[in-house]
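Below, each value reflects all heavy atoms present in this structure, side chains not excepted, and no hydrogens, waters or symmetry copies. Nothing fancy with the numbering, it's 1 onward along the sequence.
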Amino acid sequence: QVQLSESGGGVVQTGGSLRISCAASGRTFSSYTVGWFRQAPGKERESVAVVSWNGELTWYSDSVRGRFTISRDNAKNTVALQMNSLESEDTAVYYCAAGLGAGMNYSPRYWGQGTQVTVSS
């Protein structure tokens with residue numbers, strides 16, 4: 001069993017940066033692929049960034065590639081998402097999720113409660 005908790009969300013101006021984190025409990029966290037998803041009002045949840053169990057492989061959606069960076073520290077059971085050059089379209093609730101598989105289509109099994117990111121102009 002893995003429990004996830006996101007933090008670091010907030011309000012940032014267009015063009016600014018924000019770093020959100022996902023803290024996990026559970027001894028098996030380091031064996032899971034972890035991804036960040038987001039859901040904006042009226043839109044479906046979408047995957048934006050995924051990192052492999054050992055942190056060596058990362059995948060990004062076209063909408064964030066080059067602006068967002070996902071990383072993990074298995075010693076601390078954390079996964080972070082560094083978001084730069086933020087745009088109003090990045091406004092959403094961001095969720096982290098741990099699961100099996102690899103790539104953008106991995107299978108999430110455990111979810112956090114989400115953290116709100118609002119980009120204001």
Side-chain angles (χ1 to χ4, degrees):
Q1 188 76 6
V2 174
Q3 292 184 325
L4 305 173
S5 179
E6 301 92 340
S7 63
V11 179
V12 62
Q13 289 188 331
T14 301
S17 298
L18 196 66
R19 184 179 179 88
I20 56 178
S21 296
C22 174
S25 63
R27 293 178 295 173
T28 61
F29 174 73
S30 61
S31 65
Y32 286 103
T33 296
V34 178
W36 283 97
F37 294 74
R38 67 185 182 187
Q39 187 167 20
K43 294 187 178 181
E44 293 186 355
R45 186 175 298 187
E46 63 170 336
S47 174
V48 296
V50 177
V51 62
S52 62
W53 67 273
N54 59 2
E56 291 186 358
L57 298 176
T58 57
W59 300 270
Y60 298 93
S61 67
D62 290 343
S63 60
V64 307
R65 186 177 294 110
R67 300 188 298 122
F68 290 12
T69 303
I70 188 171
S71 60
R72 69 188 296 165
D73 185 339
N74 284 339
K76 297 181 179 179
N77 274 9
T78 59
V79 174
L81 186 67
Q82 176 67 42
M83 304 182 290
N84 299 327
S85 302
L86 284 161
E87 305 167 352
S88 57
E89 292 77 14
D90 297 317
T91 295
V93 178
Y94 284 71
Y95 302 87
C96 65
L100 301 177
M104 297 298 286
N105 294 320
Y106 82 108
S107 299
R109 178 177 295 182
Y110 305 104
W111 292 86
Q113 83 289 349
T115 186
Q116 176 71 47
V117 172
T118 302
V119 183
S120 64
S121 59

When you compare the side chain of [Y] with that of [X], does any pair of heavy atoms fall below 4.5 Å?
X	Y	value
Ser88	Ser121	no
Val93	Arg45	no
Val34	Arg72	yes
Thr91	Glu89	no
Glu6	Ile20	no
Val79	Ile70	yes

Do you know the tightest heavy-atom contact between [X] and [Y]?
X	Y	answer
Ala24	Val2	CB-CG1, 4.3 Å
Val11	Ser120	CG1-OG, 4.0 Å
Gln113	Leu4	OE1-O, 3.7 Å
Ser71	Arg19	OG-NH2, 4.0 Å
Ala23	Thr78	CA-CG2, 4.4 Å
Ser17	Ser85	OG-N, 4.4 Å

Distance in Å, Leu18 CG paired with Asn84 CG, rounded so as to fall on 0.5 Å steps:
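If we round to the nearest 0.5 Å, Leu18:CG and Asn84:CG are 9.5 Å apart.
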Atom OG of Ser30 and atom CG of Asn54: how far apart are they, to the nearest 0.5 Å?
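Taking OG in Ser30 and CG in Asn54, the distance rounds to 10.0 Å.
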More than 12 heavy atoms of other residues, nucleotides or ligands under 6.0 Å from CD of Glu87: yes or no?
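Check passes, neighbour count above 12.
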Do Leu81 and Val50 share a hydrophobic cluster, counting only Ile, Leu, Val, Met, Phe, Trp and Tyr and linking them when any side-chain heavy atoms are less than 4.5 Å apart?
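Leu81 does not cluster with Val50.
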May I ask whether Phe68 and Tyr106 are part of the same hydrophobic cluster, defined by side-chain heavy atoms of I, L, V, M, F, W, Y residues being less than 4.5 angstrom apart, directly or through others?
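Different clusters.
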Any pair counted as ring pair (Phe, Tyr, Trp, His ring centres under 6.0 Å), so long as it reaches residues 8-64, sequence neighbours left out
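Sorted pair list: Tyr32-Tyr110, Phe37-Trp111.
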Applying disulfide (SG to SG under 2.5 Å) as the test, list every pair that has at least one member in residues 17-96; sequence neighbours left out.
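Only Cys22-Cys96 qualify under disulfide (SG to SG under 2.5 Å).
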Does NZ or CZ of Arg38 come closer than 6.0 Å to the centre of the six-membered ring of Tyr95, within 45° of the ring's axis?
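Checked: cation-pi criterion not met.
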Donor-acceptor pair, Thr33 side chain versus Gly101 backbone, under 3.5 Å?
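Yes: the side chain of Thr33 pairs with the backbone of Gly101.
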